[in-house]
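Written out below as structure tokens is the structure these notes cover.
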Amino acid sequence: MCKNSLVKLSAALFMGLLLFSCSGEVVEVVDKSFSEELPGSYKMNVNSSFYTSTDAGLDASLAPLNDSLSALMDSYVAGFTENMKFLEDSVASGSGITGELLVKDTVFSATPELISVRYTVYEYTGGAHGNTTNMAFNYSPKEKRFLAKEELFTVGNAVVDSLLQGNFSNADSVYYALPTLNEASVNIAGEEAVFIYDRYVLGPYSAGEVEIRLPLESLK
């Protein structure tokens, strides 16, 4: 290839990147944290994100995602405060009931092709310990819908299960079940698929959560 052709090709590539960067086809993640504390009663700390774009079409396609996640956070706050009020009304005054709601979102991907986010919810309303739940959401802005975890891969469930179990360590036999796709919360992070299993799914509470990462290449 001659020098002039190389110069023209480089210029074309530069202009293409410039046009792309100016197109607004970028998803921006905006923090929407919320906290509230009533000393001697409860504490809430809710971390959730809002997704937006300077591109009008992409921004509009993110609206269903934002609406769904906002409604979910509202339901957690409402349910927690209702539970705490019920407990306070049901026990003797001064018993010292203190509840806690902690919500943390982890954004694994935020592109025009895929929003992949995990919500980790810890709730304590009395007892020996609180409960922690992980929920994965994978949203396609182009299709304006949430994707089922089975849609994230082209291989069948049996292949995914085999790969999960091949990458699962059960040292000292602390777990009583094998990981499968069915029980996992799944997110996409770059070139990896991240699988997480809550307490009690594979083993006792003391065994904790289990996270397994698989390269996407093996799931195609």
Side-chain angles (χ1 to χ4, degrees), residues 26-91 95-127 129-152 183-189 194-201 209 211:
V26 175
V27 176
E28 298 178 15
V29 183
V30 181
D31 179 58
K32 285 193 67 178
S33 297
F34 163 79
S35 62
E36 181 176 295
E37 184 172 0
L38 185 61
S41 180
Y42 65 79
K43 178 172 68 175
M44 289 188 288
N45 188 1
V46 179
N47 297 114
S48 184
S49 298
F50 181 85
Y51 303 88
T52 185
S53 176
T54 56
D55 179 84
L58 178 56
D59 190 59
S61 72
L62 295 170
L65 170 66
N66 289 323
D67 291 344
S68 296
L69 295 181
S70 179
L72 178 65
M73 294 304 101
D74 289 346
S75 70
Y76 268 107
V77 171
F80 175 75
T81 53
E82 183 177 337
N83 287 339
M84 291 307 303
K85 185 177 186 307
F86 173 78
L87 290 173
E88 290 168 357
D89 293 343
S90 301
V91 300
S95 62
I97 289 179
T98 302
E100 190 171 19
L101 175 67
L102 302 176
V103 180
K104 179 180 181 296
D105 72 331
T106 303
V107 181
F108 291 92
S109 175
T111 71
E113 287 73 36
L114 180 69
I115 308 294
S116 186
V117 57
R118 176 198 295 168
Y119 278 86
T120 302
V121 182
Y122 171 81
E123 187 171 2
Y124 177 76
T125 55
H129 54 71
N131 292 313
T132 301
T133 304
N134 291 285
M135 297 174 293
F137 298 96
N138 296 284
Y139 180 82
S140 169
K142 294 186 182 301
E143 299 181 43
K144 299 182 182 179
R145 68 180 182 92
F146 290 94
L147 303 174
K149 54 190 172 184
E150 292 80 5
E151 296 181 87
L152 300 174
E183 291 87 9
S185 294
V186 188
N187 290 103
I188 302 300
V194 184
F195 302 76
I196 191 165
Y197 298 84
D198 290 338
R199 287 178 167 88
Y200 296 122
V201 174
E209 300 173 340
E211 182 177 284

Is there a side-chain contact between Glu100 and Asn45, using heavy atoms and a 4.5 Å cut-off? no

Would a 4.5 Å heavy-atom cut-off, applied to side chains only, mark Val194 and Val186 as touching? no

Quiz question: by atom type and distance under 3.5 Å, do the side chains of Ser33 and Asp31 form a donor-acceptor pair? yes

Using modelled atom types only, decide if a donor and an acceptor are shared between the side chain of Asn66 and the backbone of Tyr51 within a distance under 3.5 Å. yes

Enter the distance from Glu209:CD to Thr133:OG1 here, rounded to the nearest 0.5 Å. 9.0 Å

Are any side-chain N or O atoms of Ser41 and backbone N or O atoms of Leu38, one a donor and one an acceptor, separated by less than 3.5 Å? no

Using side-chain heavy atoms (C-beta onward) and a distance below 4.5 Å, is Pro141 in contact with Leu58? yes

Under a 4.0 Å threshold between the charged nitrogen and the carboxylate oxygen, would Lys43 count as salt-bridged to Glu37? no

Walk me through it: do Leu87 and Lys85 pass the test side chain to side chain contact (heavy atoms under 4.5 Å, CB included)? CA-CA 5 Å; Leu87 290 173; Lys85 185 177 186 307; over 6 Å; no

4.5 Å side-chain heavy-atom contact, Lys144 and Leu62: no

Does any non-hydrogen side-chain atom of Val117 lie less than 4.5 Å from one of Thr106? no

What residues, two or more places apart in sequence or in another chain, satisfy side-chain hydrogen bond (donor to acceptor under 3.5 Å, both in side chains) together with Glu183? Thr180

Could you state the interatomic distance from OH (Tyr139) to CD1 (Ile115), rounded to the nearest 0.5 Å? 9.0 Å

For a quick test of reading the model, state the closest non-hydrogen atom pair linking Tyr124 to Gly130 and the distance between them. CD1-N, 3.5 Å

Compute whether any side-chain donor of one residue and acceptor of the other, for Thr120 and Asn134, lie under 3.5 angstrom apart. yes

How far apart are the C-alpha atoms of Thr132 and Asp198, what are their side-chain angles, what is the distance that settles it, and do they pass the side chain to side chain contact (heavy atoms under 4.5 Å, CB included) test? CA-CA 7 Å; Thr132 301; Asp198 290 338; 5.7 Å; no

Start with the C-alpha gap between Tyr197 and Glu211, add the side-chain angles, then the distance that decides, and say whether side-chain hydrogen bond (donor to acceptor under 3.5 Å, both in side chains) holds. CA-CA 6 Å; Tyr197 298 84; Glu211 182 177 284; over 6 Å; no

Quick check for you: to the nearest 0.5 Å, what is the distance between Ser185 atom OG and Phe137 atom CZ? 9.0 Å

Side-chain touch Val30/Thr52, heavy atoms, less than 4.5 angstrom: yes

Let me confirm one number: the OH-OG distance from Tyr119 to Ser49, rounded to the nearest 0.5 Å. 6.0 Å

Would you check if the side chain of Thr81 reaches a backbone N or O of Ala78 as a donor-acceptor pair within less than 3.5 Å? yes

Calculate, to the nearest 0.5 Å, the distance between atoms OG and CE belonging to Ser68 and Met73 respectively. 11.0 Å

Without swapping roles, check the side chain of Glu143 against the backbone of Ser140 for a donor-acceptor pair under 3.5 Å. no

Pair Asn47-Asp105, side-chain donor/acceptor within less than 3.5 Å: no

Describe, in one word, how the ring planes of His129 and Tyr200 are oriented to each other, choosing from parallel (under 30°), tilted (30 to 60°) and perpendicular (over 60°). tilted

Can you find a side-chain donor-acceptor pair between Thr125 and Asn83 that sits under 3.5 Å? no

Do Arg118 and Met135 have side chains that get closer than 4.5 Å, going by heavy atoms? no

Between atom CD of Glu36 and atom CZ of Phe80, what is the distance when rounded to the nearest 0.5 Å? 9.5 Å

Is the shortest heavy-atom distance from the side chain of Ser48 to the side chain of Phe34 under 4.5 Å? no

Regarding Ser116 and Asn138, is there a side-chain donor-to-acceptor distance under 3.5 Å anywhere? yes

